[in-house]
Amino acid sequence: MKYWLMKSEPSCYGIDDLKRDRVGVWDDVRNYQARNFMRDMKKGDRVLFYHSSTDVIGIVGIGEISKEAYPDPTQFDKTSYKYDAKSTEVNPRWSSINLRFMTKFKAPVTLQELKLDPFFEGMLVIKRGMRLSVQPVHEKHFKKILELSTAES
DNA sequence: GCCAACGTTGGC
DNA sequence: GCCAACGTTGGC
C-alpha cells in the first residue's frame, strides 16, 4: 500500500465536502507530475487530505483511493474551463481518481507543526516552493501524522 | 495582496 | 533545444 498527500482549497472542495459526498472525484489536475502520481495510485492507497490557501493550513483528514486512474471527463467538455483541445479520447492527457472519505481529524495537523518537528524533515509538503498538488508520502510520516491527529482534541 | 518558486508556452 | 515571458500556486 502506498501513501499520498492531496491538496485542496477548502473554499473549493474541503474535507467536509468529501465527508458529505462520501466519494469525491479528483478531476481538475493539469500538471504532469501530479498526473503521473495519480496514475501510480492503487485502490486502497491512503491519502492525507490537505487544506491549502486557508486560515488553518494543514492535514485535516484521511481518504482512500476507491477508483484508480481513468480519463478525466472535464478535458473533453467544451463547456468546462478545464477543457483541453489537445486531448483526444484515444489518447487522453489527464486522469482522474476517486477518493473515498475515511476520517476527519478533530484538529488539523498543521503545516507549522510539520515544519517544527525534525521527524518530518524531507517531507515534500514542507519544502519551500513545493506547489505539487499530489505527492507521495513516506509510510513513517503518514503513521506519525495519524498519531498526532489522535493526540489532539 | 504580495511575491517567490515553479511550470508552461512560444519565438527563434 | 534554449530561454524569456507569462501564468499559477500557495504560504505569508
Side-chain angles (χ1 to χ4, degrees), chain A residues 2-21 24-41 45-65 68-99 101-138 140-142 144-149 151-152:
Chain A
K2 286 185 180 171
Y3 301 91
W4 310 92
L5 180 145
M6 296 180 96
K7 294 181 187 173
S8 189
E9 295 187 21
S11 61
C12 179
Y13 194 87
I15 190 76
D16 290 325
D17 297 303
L18 185 66
K19 188 177 180 181
R20 180 200 59 220
D21 295 343
V25 177
W26 223 270
D27 66 355
D28 60 353
V29 172
R30 293 294 183 270
N31 171 286
Y32 287 107
Q33 221 182 332
R35 182 208 66 184
N36 291 342
F37 285 135
M38 285 169 71
R39 288 182 176 177
D40 280 345
M41 290 172 168
D45 282 0
R46 298 294 150 89
V47 176
L48 298 171
F49 197 103
Y50 178 94
H51 278 177
S52 66
S53 299
T54 183
D55 45 348
V56 184
I57 296 165
I59 296 153
V60 292
I62 305 290
E64 172 190 51
I65 303 298
E68 295 176 12
Y70 58 96
D72 180 342
T74 63
Q75 68 194 314
F76 307 124
D77 178 3
K78 286 185 179 173
T79 65
S80 170
Y81 78 108
K82 290 290 183 177
Y83 175 69
D84 185 344
K86 292 176 184 167
S87 189
T88 63
E89 303 262 357
V90 179
N91 190 18
R93 239 186 218 197
W94 307 111
S95 297
S96 290
I97 56 93
N98 288 0
L99 186 69
F101 173 81
M102 292 186 79
T103 52
K104 179 188 173 182
F105 295 164
K106 283 180 184 170
V109 176
T110 65
L111 179 62
Q112 208 175 14
E113 283 177 69
L114 299 180
K115 281 182 170 176
L116 288 172
D117 189 339
F119 185 83
F120 294 107
E121 210 169 307
M123 199 177 173
L124 289 176
V125 74
I126 63 175
K127 275 178 79 179
R128 201 167 123 84
M130 177 50 75
R131 303 179 310 169
L132 202 55
S133 63
V134 178
Q135 40 185 268
V137 172
H138 285 127
K140 62 171 186 173
H141 289 154
F142 183 90
K144 183 77 172 179
I145 286 163
L146 276 193
E147 286 172 25
L148 290 175
S149 72
E152 291 169 1

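Order of the sequence lines fixes the chain letters, A, B, ..., with proteins taken first and strands second; residue numbering starts at 1 for each chain.
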Contacting residues from residues 27-36 of chain A, given that a heavy atom lies under 4.0 angstrom of DNA chain B: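 Only A/Asn31, A/Tyr32, A/Gln33 qualify.
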Qualifying residues under side chain to side chain donor-acceptor pair (under 3.5 Å), relative to [X], sequence neighbours excluded:
X	value
A/Asp27	none
A/Asp16	A/Lys104
A/Arg131	none
A/Asn36	none

May I ask you to check whether over 12 heavy atoms, not counting those of A/Lys82, lie within 6.0 Å of atom NZ?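 Correct, the count exceeds 12.
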With sequence neighbours excluded, tell me which residues meet ring pair (Phe, Tyr, Trp, His ring centres under 6.0 Å) with A/Phe120.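 Result, ring pair (Phe, Tyr, Trp, His ring centres under 6.0 Å) vs A/Phe120: A/His141.
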With sequence neighbours left out, what residues match A/Tyr50 under ring pair (Phe, Tyr, Trp, His ring centres under 6.0 Å)?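 So A/Tyr50 forms no ring pair (Phe, Tyr, Trp, His ring centres under 6.0 Å) with any residue.
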Check the pair A/Ser95 / A/Arg39 against side-chain hydrogen bond (donor to acceptor under 3.5 Å, both in side chains), numbers first and verdict last. CA-CA 7 Å; A/Ser95 297; A/Arg39 288 182 176 177; 2.8 Å; yes
Looking just at side-chain N and O atoms, do A/Arg30 and A/Thr74 make a donor-acceptor pair shorter than 3.5 Å?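 Yes, A/Thr74 and A/Arg30 have a side-chain donor paired with an acceptor closer than 3.5 Å.
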Applying the ring pair (Phe, Tyr, Trp, His ring centres under 6.0 Å) test to A/Phe49, which of A/Trp4, A/Phe101, A/Trp26 qualifies?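 Result for ring pair (Phe, Tyr, Trp, His ring centres under 6.0 Å) with A/Phe49: A/Trp26.
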Those residues that, when tested against A/Asp17, pass salt bridge (charged side-chain N to carboxylate O under 4.0 Å, His left out) (two or more places apart):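 Here the qualifying residues are A/Arg20.
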Interface residues of residues 49-57 of chain A with DNA chain C (non-hydrogen, below 4.0 angstrom):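 The answer is A/Tyr50, A/Ser52, A/Ser53, A/Ile57.
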Would you classify A/Lys115 as touching base, sugar-phosphate or nothing, given that sugar-phosphate means primed atoms plus P, OP1 and OP2, and contacts are heavy atoms under 4.0 Å?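 Answer is sugar-phosphate: A/Lys115 comes under 4.0 Å of backbone atoms only.
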Along DNA chain C, 5' to 3', what are the outermost nucleotides having an atom less than 4.0 Å from a heavy atom of chain A?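 Reading along DNA chain C, I get C/dG7 to C/dC12.
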Contacts table for residues 83-93 of chain A: side-chain donor-acceptor under 3.5 angstrom, sequence neighbours left out:
residue: A/Asp84; atom: OD1; partner: A/Lys86; partner atom: N; Å: 2.9
residue: A/Asp84; atom: OD2; partner: A/Arg93; partner atom: NH1; Å: 3.4
residue: A/Asp84; atom: OD2; partner: A/Trp94; partner atom: NE1; Å: 2.8
residue: A/Ser87; atom: OG; partner: A/Gln75; partner atom: OE1; Å: 2.7
residue: A/Ser87; atom: OG; partner: A/Arg93; partner atom: N; Å: 3.0
residue: A/Thr88; atom: OG1; partner: A/Asn91; partner atom: N; Å: 3.0
residue: A/Arg93; atom: NH1; partner: A/Tyr32; partner atom: OH; Å: 3.4

Five pairs at each end of the helix from B/dG1-C/dC12 to B/dC12-C/dG1: take the axis at both ends and give me the angle between them to 10°.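 It comes to 10° between the two terminal axes.
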